[in-house]
Amino acid sequence: MLEVTRLSTAYGLIKALDGVSLSAQTGAVTCILGPNGAGKTTLMFSIAGILRPEAGSIQFDGIELSRLDAPGVLKHGLALVPENRLVFPLMSVRENLQAGAYLRPASTPAAVREITEDIEKMYARFPVLGERAGQNAGTLSGGEQQMLAVARALMSRPKILLMDEPSVGLSPLIVDEIFSIIAQLNREGISILLVEQNAAKALQVADHFYLLDHGRVAFSGTPGEMENDDVIQRAYLGDRAA
């Protein structure tokens, strides 16, 4: 579904990605692990059209995305849930959801009704958002903001959801809820490319893992292969029993 080939992205003279190649299969959860500064967010921004790669290819359903901007990428069915949520704090929950559908034409009564129906579906999926519909997003808790960020991305009706560190800064109970949501979305047919530091939780949902280190792919394998890799076991799974 998504094929990244020899992708390189730089910030000035600093090369954040150096020839990264990976793929995400249709209907799967593909997880990217890596230490801070490994290039994970740069990779997500490059795929989402926020950053322009200096070399390499990003193909999605056979369409080249590497020269498209963020709206162009979104039109093809890739939606990003960014790290740290990045909701619009001074807009209401409902307005944030409407913003998620901004590329969907609302020029006819039928189109407006369709968007309204999708907002109601988000309220049904995330009841707390319905309860907070008129509340400014900046006043929500971290977990509520994460749910809003996911719902906002879903408003574009994506084929694949790019999720960057969805558990960061959240309590263990909320992390469990977020991963339950990820599993449910995947069961409903949404493919997911997930950047996550919590490898133990990712093992519960992911079909394939990549490890990024210093802007390069250092490991690619199944959950079982990852669990049997001594280096990854020590670095990412050592406290799993805790």
Side-chain angles (χ1 to χ4, degrees), residues 1-2 4 22-34 38 40-41 43-45 47-48 60 73-74 77-87 93 96-97 100 118 121-130 137 140-212 220-227 232 236-237 239-240:
M1 185 178 208
L2 178 68
V4 176
L22 56 83
S23 61
Q25 301 301 316
T26 302
V29 177
T30 304
C31 183
I32 300 169
L33 302 172
K40 304 185 301 296
T41 293
L43 175 63
M44 298 296 261
F45 278 9
I47 294 172
F60 182 70
V73 170
L74 184 61
L78 295 90
L80 174 66
V81 181
E83 184 180 6
N84 295 319
R85 279 77 77 178
L86 300 185
V87 297
V93 167
N96 269 266
L97 295 177
D118 280 0
K121 289 177 183 178
M122 293 304 123
Y123 292 159
R125 182 186 293 278
F126 306 105
V128 69
L129 300 184
L140 302 179
S141 69
E144 291 165 350
Q145 288 188 20
Q146 187 63 64
M147 292 176 197
L148 177 57
V150 173
R152 182 181 60 186
L154 291 175
M155 285 297 297
S156 68
R157 295 184 170 179
K159 297 176 183 177
I160 185 168
L161 204 56
L162 313 175
M163 305 185 74
D164 192 358
E165 300 279 14
S167 72
V168 68
L170 302 179
S171 70
L173 188 62
I174 299 300
V175 169
D176 288 344
E177 189 170 356
I178 293 299
F179 274 89
S180 176
I181 290 167
I182 291 171
Q184 179 61 38
L185 291 172
N186 186 239
R187 285 194 295 269
E188 293 173 9
I190 297 177
S191 305
I192 296 172
L193 181 62
L194 171 69
V195 165
E196 183 53 59
Q197 289 278 23
N198 191 331
K201 295 299 295 184
L203 272 170
Q204 299 175 11
V205 298
D207 301 290
H208 195 90
F209 283 88
Y210 290 93
L211 175 65
L212 273 188
S220 171
T222 65
E225 290 169 333
M226 190 184 79
E227 286 184 291
I232 294 177
Y236 293 97
L237 299 173
D239 61 349
R240 193 161 32 136

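Numbers here are sequence positions counted from 1.
- The distance from atom OG1 of T30 to atom CZ of F209, rounded to the nearest 0.5 Å, is 10.0 Å.
- Here the side chain of E83 pairs no donor or acceptor atom with the backbone of D164 at under 3.5 angstrom.
- The side chain to side chain donor-acceptor pair (under 3.5 Å) test applied to Q146 returns no partner, not counting sequence neighbours.
- A heavy-atom distance below 4.5 Å is not found between the side chains of I192 and V205.
- For the pair F126/I181, a side-chain contact is recorded, criterion being any heavy-atom separation below 4.5 Å from C-beta on.
- Put simply, NZ on K201 and CZ on F179 are 7.0 Å apart, with the number rounded to the nearest 0.5 Å.
- Atom CD1 of I160 and atom CE of M163 lie 12.0 Å apart (nearest 0.5 Å).
- The two residues M147 and I178 have their closest heavy-atom pair at CG-CD1, 4.4 Å.
- With a 4.5 Å cut-off on side-chain heavy atoms, M1 and L193 do not count as touching.
- A 4.5 Å side-chain heavy-atom check between V150 and L185 finds at least one atom pair inside the cut-off.
- Between P166 and E196 the shortest side-chain heavy-atom distance falls below 4.5 Å.
- Nearest heavy atoms, D207 versus A28: OD2-CA, 3.3 Å.
- Two residues are said to be in side-chain contact when any heavy atoms from C-beta on lie closer than 4.5 Å; R125 and Q184 meet this criterion.
- Residues L154 and L97 have side chains not in contact (no heavy-atom distance under 4.5 Å, counting atoms from C-beta outward).
- Side-chain contact between E165 and N198 is absent, with no heavy atoms from C-beta onward closer than 4.5 Å.
- Checking side-chain atoms of N186 against main-chain N and O of G27 turns up a donor-acceptor pair under 3.5 Å.
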Could you give me the CA-CA distance, side-chain angles and deciding distance for L43 and L22, then say whether side-chain contact (heavy atoms from CB on, under 4.5 Å) is met? CA-CA 11 Å; L43 175 63; L22 56 83; 3.7 Å; yes
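- Atom-to-atom distance recorded for C31:SG and Q197:CD is 9.5 Å, nearest 0.5 angstrom.
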